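Here the structure is laid out as structure tokens; the discussion comes afterwards.
These numbers were taken from a predicted model, which means no experiment stands behind them.
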Amino acid sequence: MKVLITGFDPFGGEKINPAWEAVRALPDNIDGIEVIKLQIPTVFKKSAKKLFENIDSVKPDVVICVGQAGGRYEFCVERVAINLDDGRIPDNDGYQPVDTPVFEDGDTAYFTSLPIKGMIEELKKASIPAAVSNTAGTYVCNHIMYSLLYYLNKNKLDNIRGGFIHVPYIPEQVIEKKNTPYMELSRITKALEVSIKAVKTYEKDIVVSGGKEF
């Protein structure tokens, strides 16, 4: 099995992005799974273009995109991406879309094809705080998740499973942010390893509750 996993560069005034730091710390092989790591820009459109090019060249079995969600304390596996760009801040190229479709010809939303509940079960077994998330936001993280699933759908790449993971801040990011959750970088990297193994283990997702009130 071949996994293409991406992480964003720093954005929003941060000097580091835990998504990319955790991704690049992954081994190149996890229990026989080939891991290809890719940094993508925190930029609408450019991030998707780079992802599409690498899907075409790498020809992975699985694509996992990873992003930072400052303020969350759990390792979050996303369920759904919506066809909407609404930037709370400009991206790294200074672009700030408002109420703009990701793709004009795309569906209203796309659901992940990763076994998200199986992944959460394995993460909990590894004593890692984790949960299914039902919102990837409306910034570049949602943009890349939607773009990934749109691309797989439009090109009939049903053999490729794809989805998105949000990770918390790491300690060095919260020194001046009081009462802000964080997770050690080594634990985030471990969580990514566990998640990758779970994708191989669960060809079909398990049926357990992952519902939330908000």
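Within the model, atoms CG of Leu149 and CG of Asp107 stand 10.5 Å from one another, a figure rounded to the nearest 0.5 Å. Taken to the nearest 0.5 Å, the CD1 atom of Ile30 stands 7.5 Å off from the CD1 atom of Ile5. Note: Lys125 NZ to Ile120 CD1 = 12.5 Å, rounded to the nearest 0.5 Å. With rounding to the nearest 0.5 Å, the separation of SG in Cys65 from CG in Leu4 is 7.0 Å. Rounding to the nearest 0.5 angstrom, the gap separating the CD1 atom in Ile165 from the SG atom in Cys141 is 12.0 Å.
Taking Phe75 as the reference, nothing meets the ring-ring contact (aromatic ring centres under 6.0 Å, His included) condition, with sequence neighbours excluded. Here Ala22 pairs with Leu185, Ile188, Thr189, Leu192 under the side-chain contact (heavy atoms from CB on, under 4.5 Å) rule; sequence neighbours left out.
Summarising the geometry of Pro181 relative to Gly71, their closest heavy-atom pair is CG-O, 3.4 Å, with the distance given to 0.1 Å. Taking both residues in full, the closest heavy atoms of Ser209 and Lys117 are given as C-NZ, 4.1 Å, listed atom of the first, atom of the second, then distance. What you find for Trp20 and Phe8 is that their closest heavy atoms are CB-O, 3.2 Å. Residue Pro41 comes nearest to Ser47 through the heavy atom pair O-CB, 3.3 Å, listed as atom of the first residue, atom of the second, then distance.
Ile55 places a side-chain heavy atom less than 4.5 Å from the side chain of Ile160. Taking 4.5 Å as the limit, some side-chain heavy atom of Ser195 sits within range of a side-chain heavy atom of Leu123.
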Next on the checklist: Quick one, Ile16 with Ile170, criterion side-chain contact (heavy atoms from CB on, under 4.5 Å). Give me CA distance, side-chain angles, the key distance, then yes/no.
Outcome noted: CA-CA 9 Å; Ile16 194 169; Ile170 52 178; 3.9 Å; yes

Next on the checklist: For His143 and Lys45: C-alpha separation, side-chain torsions, deciding distance, then whether side-chain contact (heavy atoms from CB on, under 4.5 Å) applies.
Outcome noted: CA-CA 8 Å; His143 179 90; Lys45 303 300 181 187; 4.1 Å; yes

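Here the two rings, on Phe11 and Tyr139, have centers that are under 6.0 Å apart. Proximity of the aromatic rings of Tyr182 and Tyr169 is defined here by a centroid distance below 6.0 angstrom, and this criterion is not met.
In the hydrophobic clustering of ILVMFWY residues, with side-chain heavy atoms under 4.5 Å counting as a link, Phe164 and Tyr146 come out together. Transitive grouping of hydrophobic side chains (ILVMFWY, heavy atoms separated by less than 4.5 Å) keeps Phe44 and Ile82 in distinct clusters. Both Val140 and Leu148 are assigned to one and the same hydrophobic cluster, defined by single-linkage of ILVMFWY side chains at heavy-atom distances under 4.5 Å.
Under a 3.5 Å cut-off, the side chain of Thr42 and the backbone N or O of Asp9 do form a donor-acceptor pair. The main-chain N or O of Leu84 is found under 3.5 Å from a side-chain atom of Asn142 such that the two form a donor-acceptor pair.
For the residue pair Tyr150 and Asp105, a side-chain donor N or O sits within less than 3.5 Å of a side-chain acceptor on the partner.
For the pair Asp31 and Lys200, the salt-bridge criterion is not met [side-chain N within less than 4.0 Å of a carboxylate O]. By the 4.0 Å N-to-carboxylate-O rule, Asp28 lies close enough to Lys37 to be salt-bridged with it. Using a 4.0 Å cut-off between a side-chain N of Lys or Arg and a carboxylate O of Asp or Glu, Lys49 and Glu53 qualify as a salt bridge. Ion pairing between a basic and an acidic side chain is recognised when a charged N comes within 4.0 Å of a carboxylate O; Glu14 and Lys177 show such pairing. Ionic pairing of Lys15 and Glu176 is not present here: no N-O contact between side-chain nitrogen and carboxylate oxygen is shorter than 4.0 angstrom.
Among Leu51, Leu38, Leu114, the single residue meeting the side chain to side chain contact (heavy atoms under 4.5 Å, CB included) criterion with Val63 is Leu51.
Annotation: cation-pi geometry not satisfied between Lys154 and Tyr110 (NZ/CZ under 6.0 angstrom from ring centroid, within 45° of ring axis).
Other residues, nucleotides and ligands contribute only 12 or fewer heavy atoms inside 6.0 Å of the OH atom of Tyr73.
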